[in-house]
Novice: 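I'd like to ask some things about the structure below.
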Amino acid sequence: AAMAEPAARLCCLGWDFSTQQVKVVAVDAAMNVFYEDSVHFDRDLPEFGTQGGVHVHQDGLTVTSPVLMWVQALDILLEKMRASGFDFSRVLALSGAGQQHGSIYWKAGASRVLTSLSPDLPLHEQLQACFSIRDCPVWMDSSTTAQCRQLEAAVGGAQALSRLTGSRAYERFTGNQIAKIYQQNPEAYSHTERISLVSSFAASLFLGSYCPIDHSDGSGMNLLQIQDKVWAQACLGACAPHLEEKLGPPVPSCSVVGPVSSYYVQRYGFPPGCKVVAFTGDNPASLAGMRLEEGDIAISLGTSDTLFLWLQEPTPALEGHIFCSPVDPRHYMALLCFKNGSLMREKIRDESASGSWSEFSKALRSTEMGNGGSLGFYFDVKEITPEMIGRHRFSPENREVPAFPADVEIRALIEGQFMAKRIHAEGLGYRVLPKTKILATGGASHNRDILQVLADVFGAPVYVIDTANSACVGSAYRAFHGLAAGTGVPFSEVVKFAPGPRLAATPSPGAAQVYAALLPRYAQLEQRILSQPQGLPE
Ligand SMILES: O=C(CO)[C@@H](O)[C@H](O)CF
């Protein structure tokens with residue numbers, strides 16, 4: 001007989017409801033990505049008039065996205081998959097990610113619609129009247145400073161809130177957003193029967209009922225007690241009344257929350273037994289996609305630099321964010337954001353390397369590790385880790401100097417950026433272990449000489465990794481892990497055959513000694529600058 005079509009591969013789906021698009025990947029049992037597709041909000045749903053997937057309001061602080069745009073994007077994406085001949089009958093399980101901190105407000109009665117969807121109609125036609133707030137606050141919102149102060153005051157201050165929930169109060173964090181809605185739109189709040197995060201909202205669409213918030217994304221709300229993994233009553237009470245019943249109980253991120261809704265079985269041909277694994281935040285899902293393990297660090301070198309840390313014992317601080325781990329219920333992850341990332345690297349490249357990266361690299365290669373004791377701090381925009389602004393250069397004798405020769409300036413910038421990362425990561429409880437791997441991604445990770453400095457400062461090998469789909473791929477990996485639920489098989493075991501990162505740099509001989517001397521000096525000088533009046537804008 002003619003060769004039958006190779007049976008379409010058994011697979012898991014990973015979804016990502018991010019700021020600008022909804023994306024999906026299919027991963028087969030050998031952990032290979034064999035299908036991906038996406039719907040872009042601005043391009044494919046122009047009737048909503050978003051820019052970058054959001055609406056920035058007149059006040060310049062309020063930023064929202066229309067929830068029905070997200071729903072309709074899923075309808076379109078599922079139709080695109082069906083039109084491309086994707087075989088839904090092979091999907092064993094699905095999970096997903098959502099942009100963190102955003103909140104969705106389901107109107108009283110919406111549950112009845114969600115649990116009885118007609119397979120003859122698209123989702124967005126059936127959910128039109130299911131939301132008490134149509135324009136949902138998202139992570140780019142910064143209109144809740146008053147609510148942040150109220151919450152911190154209610155629990156005994158910023159450090160107390162950080163110890164309780166993993167972060168001090170941040171404007172984008174969901175508890176503060178809910179407080180604002182309760183205060184400014186009490187009518188809508190009273191008609192809200194359920195509040196979801198973007199991640200648990202997306203999971204609810206697949207589940208055909210309200211899906212619980214997972215521990216990891218729930219850690220981005222200033223509401224979850226991250227040690228005991230229960231809602232912190234003092235935080236709930238400070239934000240809005242009857243909040244706990246609207247949130248429902250949080251669940252472990254690896255939970256199988258149920259079979260996919262019959263809506264997808266009848267309309268698209270998903271198997272009735274297809275499992276839905278709790279969705280989580282995009283950053284926790286990316287950590288899963290990068291297969292970060294104990295002792296590892298992932299560094300996204302972009303406009304701002306973001307550090308993903310794996311922590312066993314977190315030390316909550318007034319900077320950074322600690323979340324329950326999405327892949328190991330005993331441990332934690334942390335995010336640390338450094339605003340002066342590639343913006344500063346490009347400025348120094350223009351000033352001291354005539355705008356050329358090869359000149360920049362040459363300067364790094366022609367200067368020694370430790371830069372002869374010259375140290376620099378370069379924050380042209382107000383840095384958040386730590387809160388500091390301006391440029392400060394120090395001679396080997398710790399005297400502040402107005403300038404460095406060009407090649408010293410270049411090395412001082414890069415060594416300073418990476419020493420800051422190591423010092424602040426260790427402040428959150430991170431420790432470099434013998435098995436530590438550093439995973440680098442983003443623009444600057446293509447510059448091998450920059451990665452060499454990174455390897456030297458941390459005393460650990462640096463790998464480069466492509467994270468374009470990391471939230472989706474991490475979600476598909478988590479779906480596979482959900483299939484093993486109850487067997488006790490760890491996430492790392494389930495995904496061990498997945499394609500690995502490429503080794504890019506290993507520590508130079510003698511690096512450990514050089515930076516063992518330089519790191520404490522950097523920390524002391526940072527404290528000295530912080531103790532000086534810096535003329536920071538009030
Ligand atoms: O606010 C953030 C993390 O705290 C962002 O990375 C959002 O998750 C992006 F969607």
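Ligands are counted one by one from 1 in listed order, and the atoms in each one are counted from 1 as well. This is a predicted model, so every value here is computed, not measured.
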Novice: Show which atoms of ligand 1 fall inside a sub-4.0 Å distance from at least one heavy-atom site of Gln99.
Specialist: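 Selected atoms, number and element: 10 (F).
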
Novice: Answer yes or no for Lys246 and Tyr189: cation-pi contact, defined as NZ/CZ to six-membered ring centre under 6.0 Å and angle to ring axis within 45°.
Specialist: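 Geometry flag: set, cation within 6.0 Å and 45°.
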
Novice: Just to be sure I'm reading this right: ignoring hydrogens, which of Asp16, Leu335, Asp282, Thr19 gets closest to atom 8 (O) of ligand 1? Compare them by their nearest heavy atoms.
Specialist: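 Checking each option, the heavy atom nearest atom 8 (O) of ligand 1 is found in Asp282.
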
Novice: Using modelled atom types only, decide if a donor and an acceptor are shared between the side chain of Ser342 and the backbone of Gly302 within a distance under 3.5 Å.
Specialist: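 Such a contact is found between Ser342 side chain and Gly302 backbone.
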
Novice: Could you tell me, atom by atom, which parts of ligand 1 come under 4.0 Å of a heavy atom of His101?
Specialist: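 Answer, ordered by atom number: 1 (O), 2 (C), 3 (C), 4 (O).
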
Novice: Distance only, no hydrogens: is a donor on one side chain within 3.5 Å (strictly under) of an acceptor on the other, for Gln21 and His40?
Specialist: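 Looking only at side-chain atoms, His40 and Gln21 do form a donor-acceptor pair, the distance falling under 3.5 Å.
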
Novice: Backbone or side chain, does any N or O of Arg172 fall under 3.5 Å from an N or O of ligand 1?
Specialist: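 Such a contact does occur with ligand 1.
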
Novice: Can you measure from CG (Leu224) to OG (Ser219) and round to the nearest 0.5 angstrom?
Specialist: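 Answer for the CG-OG pair, Leu224 versus Ser219, is 5.0 Å.
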
Novice: Does Asn283 approach ligand 1 within less than 4.0 angstrom via side chain, backbone, both or neither, non-hydrogen atoms only?
Specialist: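 The side chain, only.
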
Novice: Measuring from Glu383:CD to Glu319:CD, what's the distance to the nearest 0.5 Å?
Specialist: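 Taking CD in Glu383 and CD in Glu319, the distance rounds to 9.5 Å.
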
Novice: Geometry only, no angles: is Gln100 polar-contacting ligand 1 at N/O separations under 3.5 Å?
Specialist: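 In this structure, Gln100 places an N or O atom under 3.5 Å from an N or O of ligand 1.
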
